[in-house]
K.L.:
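The structure under discussion is supplied below as structure tokens; questions concerning it will follow.
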Amino acid sequence: MKKLILVCGPAAIGKSTWSNGYRNSHPDEKVVIISADDLRCELYGSYRNFPPNNNMMLVYNEMINRAAKLAEENESITVIFDTTMLFDERRLYFRRHLPMFDYYCLYLLKLHDYEKCIIRNKQRREDKWVPDEVIRDMALNYLDPSPDTIANFDETKEIYVD
């Protein structure tokens, strides 16, 4: 089976930690994590560098291209997208552009107190730090999926990572 998992949440909530934990706890699955941050670093030379005009669609489309290639080359694979996806438009963009998967998961990482993201952010490598006000803005704008969005996924979960 070809499975696509979208792991959503504000910066520093623990998307990468959760994704790596999933991979480690599923040794029988071939799991590939595609991280927007890591891909942006690869393409633009640093975690602090962004695409021209801050056009993250360049990164998102490369994520899609890589996931499509993995699906084409593997009979059975789990691809995890590690990126914020704070609202339905982005979640559905990825879902619509990757029709070759068999099973689609939308996992929303949550905290009871999003100020923990500020603390977690400072525990990361300094070159991956996100300004506090950006994290607070992300937490304020993090929306639950609409029923119409949920209908596009085989599985939707809220996962508290307190």
Side-chain angles (χ1 to χ4, degrees), residues 1-109 111 114 116-139 141-142 153 159 161:
M1 177 167 58
K2 298 174 188 179
K3 183 188 312 184
L4 178 67
I5 300 174
L6 304 183
V7 180
C8 312
I13 197 167
K15 294 179 299 294
S16 297
T17 300
W18 186 91
S19 298
N20 284 309
Y22 180 96
R23 180 176 52 204
N24 294 340
S25 66
H26 292 79
D28 295 338
E29 287 181 46
K30 179 176 183 175
V31 178
V32 176
I33 300 167
I34 300 176
S35 161
D37 286 346
D38 292 344
L39 185 54
R40 192 181 77 243
C41 181
E42 175 189 326
L43 296 173
Y44 301 101
S46 167
Y47 287 106
R48 295 179 190 257
N49 292 343
F50 283 82
N53 300 318
N54 290 322
N55 182 3
M56 283 298 291
M57 293 306 293
L58 297 170
V59 174
Y60 300 150
N61 288 331
E62 182 60 21
M63 292 173 73
I64 288 167
N65 291 340
R66 291 183 184 197
K69 187 171 194 243
L70 287 164
E72 180 183 312
E73 294 173 347
N74 293 275
E75 190 173 308
S76 180
I77 191 161
T78 298
V79 175
I80 298 176
F81 271 18
D82 168 356
T83 188
T84 55
M85 294 177 279
L86 302 176
F87 47 90
D88 285 347
E89 178 186 331
R90 184 72 61 238
R91 298 164 187 153
L92 291 173
Y93 182 80
F94 288 125
R95 171 63 181 86
R96 288 185 185 126
H97 284 83
L98 291 163
M100 68 289 300
F101 285 83
D102 303 310
Y103 195 81
Y104 298 87
C105 303
L106 179 62
Y107 293 166
L108 299 113
L109 300 192
L111 288 166
Y114 285 97
K116 288 182 182 178
C117 290
I118 304 296
I119 296 165
R120 290 177 179 179
N121 185 49
K122 298 297 188 243
Q123 295 169 344
R124 302 193 297 180
R125 297 172 25 180
E126 189 173 344
D127 63 339
K128 291 186 84 173
W129 285 0
V130 175
D132 293 354
E133 64 273 9
V134 172
I135 293 174
R136 286 188 179 103
D137 185 61
M138 286 180 170
N141 291 295
Y142 186 25
F153 291 87
I159 303 170
V161 292

K.L.:
Any pair with a residue in residues 55-68 that passes salt bridge (Lys or Arg N to Asp or Glu O under 4.0 Å), sequence neighbours left out, goes on the list, sorted by first then second residue, please.
P.N.:
Glu42-Arg66, Glu62-Arg66
K.L.:
Run the side chain to side chain contact (heavy atoms under 4.5 Å, CB included) test against Pro131 and tell me which residues pass, sequence neighbours left out.
P.N.:
Glu133, Val134
K.L.:
Is the ring centre of Tyr93 less than 6.0 Å from the ring centre of Tyr60?
P.N.:
no
K.L.:
For a side chain to side chain contact (heavy atoms under 4.5 Å, CB included) check, start with the C-alpha distance between Lys15 and Thr83, then their side-chain angles and the critical distance, and finish with the verdict.
P.N.:
CA-CA 7 Å; Lys15 294 179 299 294; Thr83 188; 5.7 Å; no
K.L.:
Quick one: closest heavy-atom pair of Pro10 and Ala139, and the distance?
P.N.:
CG-CA, 4.0 Å
K.L.:
Do you know the tightest heavy-atom contact between Ile64 and Phe81?
P.N.:
N-CZ, 4.1 Å
K.L.:
Any side-chain heavy atom of Pro51 within less than 4.5 Å of one from Val59?
P.N.:
yes
K.L.:
Which heavy atom of Ala71 sits nearest a heavy atom of Met100, and at what distance?
P.N.:
CB-CG, 3.4 Å
K.L.:
Quick one, Asn141 with Asp137, criterion side chain to side chain donor-acceptor pair (under 3.5 Å). Give me CA distance, side-chain angles, the key distance, then yes/no.
P.N.:
CA-CA 6 Å; Asn141 291 295; Asp137 185 61; 3.0 Å; yes
K.L.:
Do Tyr107 and Ile5 have side chains that approach each other closer than 4.5 Å (heavy atoms only, starting at C-beta)?
P.N.:
yes
K.L.:
Is it possible for you to check whether Arg125 lies under 6.0 Å from the centre of the six-membered ring of Tyr47, through NZ or CZ, and within 45° of that ring's axis?
P.N.:
no
K.L.:
Determine whether a donor-acceptor pair (N or O, by modelled atom type, separation under 3.5 Å) exists between the side chain of Arg40 and the backbone of Asn49.
P.N.:
yes
K.L.:
Given side chains that start at C-beta, do those of Glu72 and Lys2 come closer than 4.5 Å, heavy atoms only?
P.N.:
no
K.L.:
Check whether any side-chain heavy atom of Lys122 lies under 4.5 Å from a side-chain heavy atom of Trp129, and answer yes or no.
P.N.:
yes
K.L.:
Just so I know, are the side chains of Thr78 and Arg23 near enough to count as touching, which here means a heavy-atom distance under 4.5 Å?
P.N.:
no
K.L.:
Please step through side chain to side chain contact (heavy atoms under 4.5 Å, CB included) for the pair Leu6 and Arg90, ending with a clear verdict.
P.N.:
CA-CA 10 Å; Leu6 304 183; Arg90 184 72 61 238; over 6 Å; no
K.L.:
Which atom pair, heavy atoms only, marks the closest approach of Cys117 to Leu111?
P.N.:
SG-CD1, 3.6 Å
K.L.:
Is the number of heavy atoms from other residues, nucleotides or ligands within 6.0 Å of CD (Glu73) greater than 12?
P.N.:
yes
K.L.:
Roughly how far, to the nearest 0.5 Å, is the CD1 atom of Ile80 from the CD atom of Glu29?
P.N.:
8.0 Å
K.L.:
Return the OH to CD1 distance between Tyr22 and Ile159, rounded to the nearest 0.5 Å.
P.N.:
10.0 Å
K.L.:
Say whether, by atom type as modelled, one donor and one acceptor occur between the side chain of Lys128 and the main chain of Asn121 under 3.5 angstrom.
P.N.:
no
K.L.:
Indicate yes or no for a side-chain donor-acceptor contact from Tyr142 to the backbone of Leu109 under 3.5 Å, with no hydrogens or angles considered.
P.N.:
yes
K.L.:
Are any non-hydrogen side-chain atoms of Val161 and Lys116 less than 4.5 angstrom apart?
P.N.:
no
K.L.:
Heavy atoms only: give me the nearest Leu98-Ala68 pair and the separation to one decimal.
P.N.:
CD2-N, 3.8 Å
K.L.:
If you count heavy atoms of other groups shown closer than 6.0 angstrom to CG of Asn24, is the number above 12?
P.N.:
yes
K.L.:
Report the distance from atom CD1 of Ile119 to atom CG of Asp132, rounding to the nearest 0.5 Å.
P.N.:
10.0 Å
K.L.:
With rounding to the nearest 0.5 angstrom, report the CG to CD1 distance, Leu70 to Ile34.
P.N.:
5.5 Å
K.L.:
Is a side-chain N or O of Arg91 found less than 3.5 angstrom from the main chain of Leu86, in a donor-acceptor match?
P.N.:
yes
K.L.:
With rounding to the nearest 0.5 Å, note down the distance linking CE in Met85 to CG in Leu108.
P.N.:
8.5 Å
K.L.:
Passes side chain to side chain contact (heavy atoms under 4.5 Å, CB included), Lys30 versus Glu75? Steps please.
P.N.:
CA-CA 10 Å; Lys30 179 176 183 175; Glu75 190 173 308; over 6 Å; no
K.L.:
Locate the shortest heavy-atom distance separating Arg124 from Ala12; write the atom from each residue and the value.
P.N.:
NH1-N, 3.9 Å
K.L.:
Rounded to the nearest 0.5 Å, what's the gap from OG on Ser35 to CE on Met63? Could you check?
P.N.:
7.0 Å
K.L.:
Determine yes or no for a side-chain-to-main-chain donor-acceptor pair under 3.5 angstrom, with Asn61 supplying the side chain and Met57 the backbone.
P.N.:
yes
K.L.:
Determine, for Asp88 against Arg95, whether the closest basic-nitrogen to carboxylate-oxygen distance falls under 4.0 angstrom.
P.N.:
no
